[in-house]
Amino acid sequence: MSLAAPQASSVSSVLRVLDAQGLDALLQQIRSHGFELLGPTVRDGAILYDEIESVADLPRGWTDEQHGGSYRLIRRVDAALFGYTVGPRSWKHFLHPSSASLFRARRTPDGFRCEADTSAPRRMAFLGVRGCDLRAIELQDRVLMGGPHVDPAYKARRENALLVAVHCANAGTNCFCASMGAGPRAASGFDLALTELTDHGRHEFLLEVGSPSGQKVAEGLPGRTSTDQDTASAEAQARSAAATVRKSLPLERLKEKLYTSHLHPRWEKIAEKCLACGNCTQVCPTCFCTTVDDVTDLAAATTERRRRWDSCFSLEYSYIHGGSIRQSVGARYRQWLTHKLASWQDQYGSPGCSGCGRCITWCPVGIDITEEARAVTGGTPKGSASPAGGRR
């Protein structure tokens, strides 16, 4: 399977060019339409997605420096608002939260009564969605509401979300979105999209409309009509960003090679480094595996069933009667990588990776999924494996 990076194309559906005040007007207009505005902000030594109110909350003049197992914020030489790549928190935190109530049960004189959560879903607007994260949301859509068994809570959140993309001006050290056809420029899937233009000493934002919802939100904004020079600058920025992508995945027959590399010695080499901490699955914008916990009060009058994220790196995740079927760390890493890049294709039609590079950055020992996939599939395959599926 080959996933080529999308070619830079003419900027379409351009509405206006906004200055910083015009961008703030857009944010206020989004809020006036009843959306909770979520976007990038500096917090706890990282750029996180959280609730914001205005342009003043954005990470002006900050960028991130990322390597394997390393992340830090440094100052830029300009005042760009979106001059970073991605942080540890993806939009999955809001659409498929790490912990959620499924139902409660209360004891009554006649037995018990189950109560589902009937609260209205939050109307959320995501500001600063990168191309890789748009792809990740698309992949989560396929898993959680694309088949016969729809997750109703996810569906409600997703249908009430407004996506405001920001095209990348440069790629991070760990990005490999081009391999996955997911960037650096967001091709589709957004309601609105922004290109931050800082060339020739200016600071403006080229606004595109991607949906009727985006058109409705953007009506009446201040600003000026775009020019050919504006669109040329945006396209040049997209080409420049694509040229800075350093990492790639070896996609040629990757699925088949992984399926026939079950006993490759590289798995045990990875296990010598891997801590099985699950950081990669926690920061991954597409991992969807969960488990459930039942919590009862001391009087045993009420109980609640909660769903929380789980990880295929935990020993308990593959537990069945008699014990775990993946005892070794190597087997668990193999399950994660093989499902992500191979059997996900059989289940959902494409690899389950968007190329964001978070798993590389936030691995405490700097394990690189692109290097490990290349090492496992580039050597002489030994043994064979059946597709290893995931679970919700």
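By convention here, the first residue in the shown sequence is residue 1.
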Margin query: Is a donor from one side chain sitting under 3.5 angstrom from an acceptor on the other, for Asp199 and Ser233?
Written below: yes
Check: So Cys284 and Arg358, side-chain contact (heavy atoms from CB on, under 4.5 Å) or not? Walk me through it.
Finding: CA-CA 6 Å; Cys284 177; Arg358 286 183 176 94; over 6 Å; no
Checklist line | Heavy-atom check, side chain of Ile360 versus side chain of Phe176, under 4.5 Å | finding: yes
Checklist line | Ala100 versus Arg157, closest heavy-atom pair with distance | finding: CB-NH2, 4.3 Å
Margin query: Treating Arg16 as the side-chain partner and Leu207 as the backbone partner, does any N or O pair qualify as donor plus acceptor under 3.5 Å?
Written below: no
Margin query: We want to know whether Ser314 and Arg332 form a side-chain donor-acceptor pair, criterion being a heavy-atom distance below 3.5 angstrom.
Written below: no
Notebook entry, point to check: Any side-chain heavy-atom pair from His33 and Gln29 closer than 4.5 angstrom?
Noted result: yes
Notebook entry, point to check: Hey, does the side chain of Thr244 reach the backbone of Ala241 with a donor-acceptor pair shorter than 3.5 angstrom?
Noted result: yes
Next item on the list: Please find out if less than 6.0 Å separates the ring center of His96 from that of Trp91.
Entry: no
Check: Is Ile369 reachable from Val329 through a run of I, L, V, M, F, W or Y residues, each pair having side-chain heavy atoms under 4.5 Å apart?
Finding: no
Checklist line | Verdict with reasoning, Glu372 to Arg266, per salt bridge (charged side-chain N to carboxylate O under 4.0 Å, His left out) | finding: CA-CA 8 Å; Glu372 300 309 329; Arg266 184 71 178 195; 2.8 Å; yes
Notebook entry, point to check: Under 4.5 Å between side-chain heavy atoms, hopping through other hydrophobics if needed: is there a path connecting Leu315 to Leu275?
Noted result: no
Next item on the list: Indicate if Val129 and Leu144 have the same hydrophobic cluster label, given that clusters are the connected sets of ILVMFWY residues with side-chain heavy-atom separations under 4.5 angstrom.
Entry: yes
Next item on the list: Look at the side chain of Glu371 and the backbone N and O of Ile367, then say whether any donor-acceptor pair between them is shorter than 3.5 Å.
Entry: no
Item checked: Shortest non-hydrogen separation from Pro59 to Ile47 and the atoms involved -> CB-CD1, 4.0 Å
Check: Between Asp50 and Thr41, do the side chains contain an N or O donor and an N or O acceptor separated by less than 3.5 Å?
Finding: no
Margin query: Are Met180 and Val245 linked, directly or through intermediate hydrophobic residues, by side-chain heavy-atom contacts shorter than 4.5 Å (ILVMFWY only)?
Written below: no
Check: Would Glu65 and Arg72 count as a salt bridge (charged side-chain N to carboxylate O under 4.0 Å, His left out) if you check the C-alpha gap in whole Å, the side-chain angles of each, and the deciding distance to 0.1 Å?
Finding: CA-CA 5 Å; Glu65 184 177 82; Arg72 68 169 182 155; 2.7 Å; yes
Item checked: Short side-chain to backbone donor-acceptor contact, Glu196 and His203, under 3.5 Å -> no
Check: Between Asp228 and Thr231, do the side chains contain an N or O donor and an N or O acceptor separated by less than 3.5 Å?
Finding: no
Check: Would you find a donor on one side and an acceptor on the other, under 3.5 Å apart, between the side chain of Ser211 and the backbone of Gly214?
Finding: yes
Item checked: Sole candidate of Leu58, Leu26, Leu38 that passes side-chain contact (heavy atoms from CB on, under 4.5 Å) when paired with Leu127 -> Leu58
Margin query: Donor-acceptor check, side chain of Ser240 to backbone of Ala236, threshold 3.5 angstrom: yes or no?
Written below: no
Checklist line | Main-chain N/O of Ser343 paired to Tyr259 side chain as donor or acceptor, under 3.5 Å | finding: yes
Notebook entry, point to check: Is there side-chain contact between Ser54 and Gln28, with at least one heavy-atom pair below 4.5 Å?
Noted result: yes
Next item on the list: State, without any angle test, whether Lys340 and Thr286 hold a side-chain donor-acceptor pair at a distance under 3.5 Å.
Entry: yes
Next item on the list: Show your reasoning for whether side-chain contact (heavy atoms from CB on, under 4.5 Å) applies to Phe313 and Cys280.
Entry: CA-CA 9 Å; Phe313 281 92; Cys280 53; 3.3 Å; yes
Next item on the list: State whether a side-chain donor-acceptor pair under 3.5 Å links Asp117 with Ser119.
Entry: yes
Next item on the list: Please say whether the positively charged group of Arg76, taken as NZ for Lys or CZ for Arg, lies over the ring of Trp62, i.e. under 6.0 angstrom from the six-membered ring centre and within 45 degrees of the axis.
Entry: no
Next item on the list: Determine, using the 4.5 Å side-chain heavy-atom cutoff (strictly less than), whether Leu48 and Val55 are members of one ILVMFWY cluster.
Entry: no
Notebook entry, point to check: Closest heavy-atom contact between Gly128 and Tyr49?
Noted result: O-OH, 3.9 Å
Next item on the list: Indicate yes or no: at least one non-hydrogen side-chain atom of Ser248 is less than 4.5 angstrom from one of Arg374.
Entry: yes
Notebook entry, point to check: With sequence neighbours left out, what residues match Asp191 under salt bridge (charged side-chain N to carboxylate O under 4.0 Å, His left out)?
Noted result: none
Check: Does NZ belonging to Lys216 count more than 12 external heavy atoms closer than 6.0 Å?
Finding: no
Next item on the list: Pick out which of Ile74, Leu73, Asp64 makes a side-chain contact (heavy atoms from CB on, under 4.5 Å) with Tyr84.
Entry: Asp64
Next item on the list: Report yes or no: is the cationic atom of Arg158 (NZ for Lys, CZ for Arg) under 6.0 Å from the centre of the six-membered ring of Phe94, at an angle within 45° of the ring normal?
Entry: no
Check: Does the side-chain contact (heavy atoms from CB on, under 4.5 Å) test come out yes or no for Ile137 and Leu95, once each step is laid out?
Finding: CA-CA 9 Å; Ile137 292 171; Leu95 292 173; 4.1 Å; yes
Sequence neighbours excluded and cut-off under 3.5 Å, please list the side-chain donor-acceptor pairs for residues 165-175, or say none.
{"unit_1": "His167", "atom_1": "ND1", "unit_2": "Ala186", "atom_2": "N", "d": "3.2"}
{"unit_1": "His167", "atom_1": "NE2", "unit_2": "Glu208", "atom_2": "OE2", "d": "2.8"}
{"unit_1": "Thr173", "atom_1": "OG1", "unit_2": "Gln66", "atom_2": "O", "d": "3.2"}
{"unit_1": "Asn174", "atom_1": "ND2", "unit_2": "His67", "atom_2": "O", "d": "3.1"}
{"unit_1": "Asn174", "atom_1": "ND2", "unit_2": "Thr361", "atom_2": "OG1", "d": "2.7"}

Notebook entry, point to check: Passes salt bridge (charged side-chain N to carboxylate O under 4.0 Å, His left out), Arg306 versus Asp293? Steps please.
Noted result: CA-CA 5 Å; Arg306 298 194 64 84; Asp293 296 317; over 6 Å; no
Check: Of Asp151, Val143, Leu139, which meets side-chain contact (heavy atoms from CB on, under 4.5 Å) against Phe288?
Finding: Val143
Notebook entry, point to check: Under 4.5 Å between any side-chain heavy atoms of Arg202 and Leu197, yes or no?
Noted result: yes
Notebook entry, point to check: Do side-chain atoms of Glu204 reach the backbone of Ala20 as a donor and acceptor pair under 3.5 angstrom?
Noted result: no
Margin query: Looking at every heavy atom in both Ala182 and Arg135, which two are closest together, and how far apart are they?
Written below: CB-CB, 3.7 Å
Next item on the list: For Arg43 and Asp57, run salt bridge (charged side-chain N to carboxylate O under 4.0 Å, His left out): C-alpha distance rounded to whole Å, both residues' side-chain angles, the deciding distance at 0.1 Å, then the answer.
Entry: CA-CA 10 Å; Arg43 184 165 300 166; Asp57 296 319; over 6 Å; no
Notebook entry, point to check: Quick one: does NZ or CZ of Arg305 land under 6.0 Å from the six-membered ring centre of Phe103, within 45 degrees of the ring axis?
Noted result: no
Next item on the list: May I ask you to check if Lys92 and Trp309 form a cation-pi contact, with NZ or CZ under 6.0 angstrom from the six-membered ring centre and within 45° of the axis?
Entry: yes
Check: Where do Ser324 and Ser318 come nearest, in terms of heavy atoms and distance?
Finding: OG-OG, 2.6 Å
Checklist line | Shortest non-hydrogen contact from Ser311 toward Thr281 | finding: OG-OG1, 2.9 Å
Item checked: Main-chain N/O of Lys247 paired to Thr370 side chain as donor or acceptor, under 3.5 Å -> no
Note to self: Taking Asn160's backbone N and O only, do any of them form a donor-acceptor pair with Arg123's side chain (distance below 3.5 Å, no angle check)?
What the structure shows: no
Notebook entry, point to check: For atom CD of Glu115, is the number of surrounding heavy atoms from other residues, nucleotides or ligands below 6.0 Å larger than 12?
Noted result: yes
Next item on the list: Indicate yes or no: at least one non-hydrogen side-chain atom of Ser350 is less than 4.5 angstrom from one of Arg142.
Entry: yes
Next item on the list: Take Val164 and Ile30 through the test side-chain contact (heavy atoms from CB on, under 4.5 Å) and record every step on the way to the result.
Entry: CA-CA 10 Å; Val164 184; Ile30 289 172; 4.1 Å; yes
